[in-house]
Peer 1: 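Got a structure for you, written out below as structure tokens; questions coming shortly.
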2 protein chains.
Amino acid sequence: MENVDSPQSDLQRRSSRQRDAVQHVIEQAQQPLLPPEILTLAQAALPTLGIATVYRNLKILLDAGEVKAVELPGESTRYESAHRGHHHHFHCNSCQQVFVIPGCPPDLDQFAPKGYKVSRHELTLYGTCAQCMRGAG
Amino acid sequence: MENVDSPQSDLQRRSSRQRDAVQHVIEQAQQPLLPPEILTLAQAALPTLGIATVYRNLKILLDAGEVKAVELPGESTRYESAHRGHHHHFHCNSCQQVFVIPGCPPDLDQFAPKGYKVSRHELTLYGTCAQCMRGAG
DNA sequence: GTTGTTGCAAATCGTTTGCAATGAT
DNA sequence: ATCATTGCAAACGATTTGCAACAAC
């Protein structure tokens, strides 16, 4: 059960073009990205970049609090910048795109049962985006 | 891209001990269950039951609206009864258990941007459950 | 020079599928 | 008798890992 390869907190970090490229791609993106999308985008700068390195650095950046994981039912994990302020997501059932909803409904955390301590929450809305509503999707 | 094995709507359904067992286990459970958990529990009644059959019947039951999928970040999909009324989930970071939170905060759907039509939403709270807060976890 | 990092390929995990046998209608 | 369903094993897609070469310090 030892995780030999994953980042260990007592490990010294060194800078690398690959990690910088992954982070840069995520910072630039307007929506959460899938690992293969990150790979493709980052390969523009580093053609030899491999998918394993993308995953390794995603884990490191996640660990470092630089990126956040976005999970949507039935889909693989996407990644987004952690420096965008608190927000939630809207998943369009028609075009499958994921949109950012800025802000947050109030009092979500008070909704937990008594005695439960809430440290974070996640809210996802599903439906049809404005563009698809107009018939474009 | 044809999905030969998955349930097709124009297929006649027959009853089976296996499907009944899977559904029964889910109805009895107090929390959403993982497929291997469902397998183990159902094997009490049907020792030869295989994991593939569990997945097949989960898909059928999902399709029939009998069960619902519950997705939690970083974990594989759990399944719960669809006959429990609308609710949300609390994931304990300490004991890793998933708890049901009855009810729903108001106005979540109004939170979507103008022009977006919301058909459903999902809210998950993360933190420490009451039991783990008391030091049991 | 030490040791974190990479790229590749092989391994792993959860899930799905092909197929011949079985069971419900 | 039909044809949906099963169990098994093989296949699959996403993610992780071992390892030798490489690069940052």
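Everything numeric here is computed off the predicted structure, so don't read it as measured data. The chains referred to below are lettered A, B, ... by the order of the sequence lines, with proteins before strands, and numbering in each begins at 1. Just so it is clear, the values below take in all heavy atoms, side chains as well, and ignore hydrogens, waters and symmetry mates.
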Peer 1: Is a donor-acceptor pair below 3.5 Å formed from side chain Arg56(A) to base dG4(C), judging by atom type as modelled?
Peer 2: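 Absent.
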
Peer 1: In this structure, how many angstroms lie between the P atom of dT5(C) and the CG atom of Leu58(A), rounded?
Peer 2: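 To the nearest whole Å, that distance equals 14 Å.
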
Peer 1: Please tell me which of Thr53(A) and Pro36(B) maps to the more 5' nucleotide of DNA chain C, matching each residue to the nucleotide holding its nearest heavy atom.
Peer 2: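 On the 5' side of the pair lies Thr53(A).
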
Peer 1: For dA23(D) and Ser16(A) - does any side-chain N or O of the residue sit under 4.0 Å from the phosphate oxygens OP1/OP2?
Peer 2: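 Indeed not, no polar side-chain atom of Ser16(A) lies that close.
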
Peer 1: What is the separation between atom CD on Gln43(B) and atom C1' on dT6(D), rounded to the nearest whole Å?
Peer 2: 14 Å

Peer 1: Side chain of Asn57(A), heavy atoms from C-beta onward: which of dT2(D), dA23(D), dT6(C) has the nearest atom to it?
Peer 2: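 Among dT2(D), dA23(D), dT6(C), the one nearest the side chain of Asn57(A) is dT6(C).
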
Peer 1: Hey, does the side chain of Gln12(A) come within less than 4.0 Å of dT2(C)'s phosphate (OP1/OP2), counting only N and O?
Peer 2: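 No, no such contact exists.
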
Peer 1: Do you reckon Ile26(A) sits in the same ILVMFWY cluster as Phe99(A), going by side-chain contacts under 4.5 Å, direct or chained?
Peer 2: no

Peer 1: Grab the CZ-P distance between Arg14(A) and dG4(C) for me, whole Å please.
Peer 2: 6 Å

Peer 1: For the pair made of CD in Glu71(B) and P in dG14(C), what is the distance, rounded to whole Å?
Peer 2: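 Computing the Glu71(B):CD to dG14(C):P distance gives 14 Å.
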
Peer 1: Side chain of Ser15(B): nearest nucleotide among dT25(C), dT16(D), dT6(D)?
Peer 2: dT25(C)

Peer 1: Nearest to the Ala52(B) side chain among dA24(C), dG4(C), dA9(D), which nucleotide is it?
Peer 2: dA9(D)

Peer 1: dT5(C), dA14(D), dG4(C): which one has an atom nearest the side-chain heavy atoms of Ser76(A)?
Peer 2: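 Closest nucleotide to the Ser76(A) side chain: dA14(D).
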
Peer 1: Could you tell me whether a side-chain N or O of His91(B) sits under 3.5 Å from a main-chain N or O of His89(B), the two making a donor and an acceptor?
Peer 2: no

Peer 1: Under 4.0 Å from OP1 or OP2 of dT5(D): is there any side-chain N or O of Arg17(B) that close?
Peer 2: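 No, no such contact exists.
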
Peer 1: Quickly work out the Asp63(A) CG to dG4(C) C1' distance and round it to whole Å.
Peer 2: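 Whole-Å distance recorded here is 15 Å.
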
Peer 1: Can the ring centroids of His121(A) and His88(B) be said to lie less than 6.0 angstrom from one another?
Peer 2: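 Not under 6.0 Å, so no.
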
Peer 1: Please report the closest heavy-atom contact between Phe111(A) and Leu125(B), naming both atoms and the distance.
Peer 2: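 In this case the closest contact between Phe111(A) and Leu125(B) is C-CD1, 4.3 Å.
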
Peer 1: Is there a donor N/O on one and an acceptor N/O on the other, under 3.5 Å, for the side chain of Arg19(B) and the base of dT5(D)?
Peer 2: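 A donor-acceptor contact between them is absent.
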
Peer 1: It should be established whether Arg13(A) places a side-chain nitrogen or oxygen under 4.0 Å from OP1 or OP2 of nucleotide dT5(C).
Peer 2: yes

Peer 1: Hey, does Leu49(A) reach any base, or is it just sugar-phosphate, or nothing, if we go heavy atoms under 4.0 Å?
Peer 2: sugar-phosphate

Peer 1: Flag the pair Glu71(B) / Glu71(A) as yes when at least one side-chain heavy-atom distance between them is below 4.5 Å, and no otherwise.
Peer 2: no

Peer 1: State which of dG7(C), dG7(D), dT5(D) makes the closest approach to the side chain of Gln18(A).
Peer 2: dG7(C)

Peer 1: dT5(C) C1' sits how many Å from Gln23(A) CD, rounded?
Peer 2: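 Value for this atom pair: 16 Å.
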
Peer 1: What nucleotide among dT16(D), dT6(C), dG4(C) has an atom nearest to a side-chain atom of Lys59(A)?
Peer 2: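 So the nucleotide nearest the side chain must be dT16(D).
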
Peer 1: Whole angstroms only, please: what is the CD1-P distance between Ile51(B) and dG14(C)?
Peer 2: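 Atom-to-atom, Ile51(B) to dG14(C), this comes out as 9 Å.
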
Peer 1: Between Gln28(A) and Val25(A), is there a donor-acceptor pair closer than 3.5 Å when you use the side chain of the first and the backbone of the second?
Peer 2: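 Not a single qualifying donor-acceptor pair exists.
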
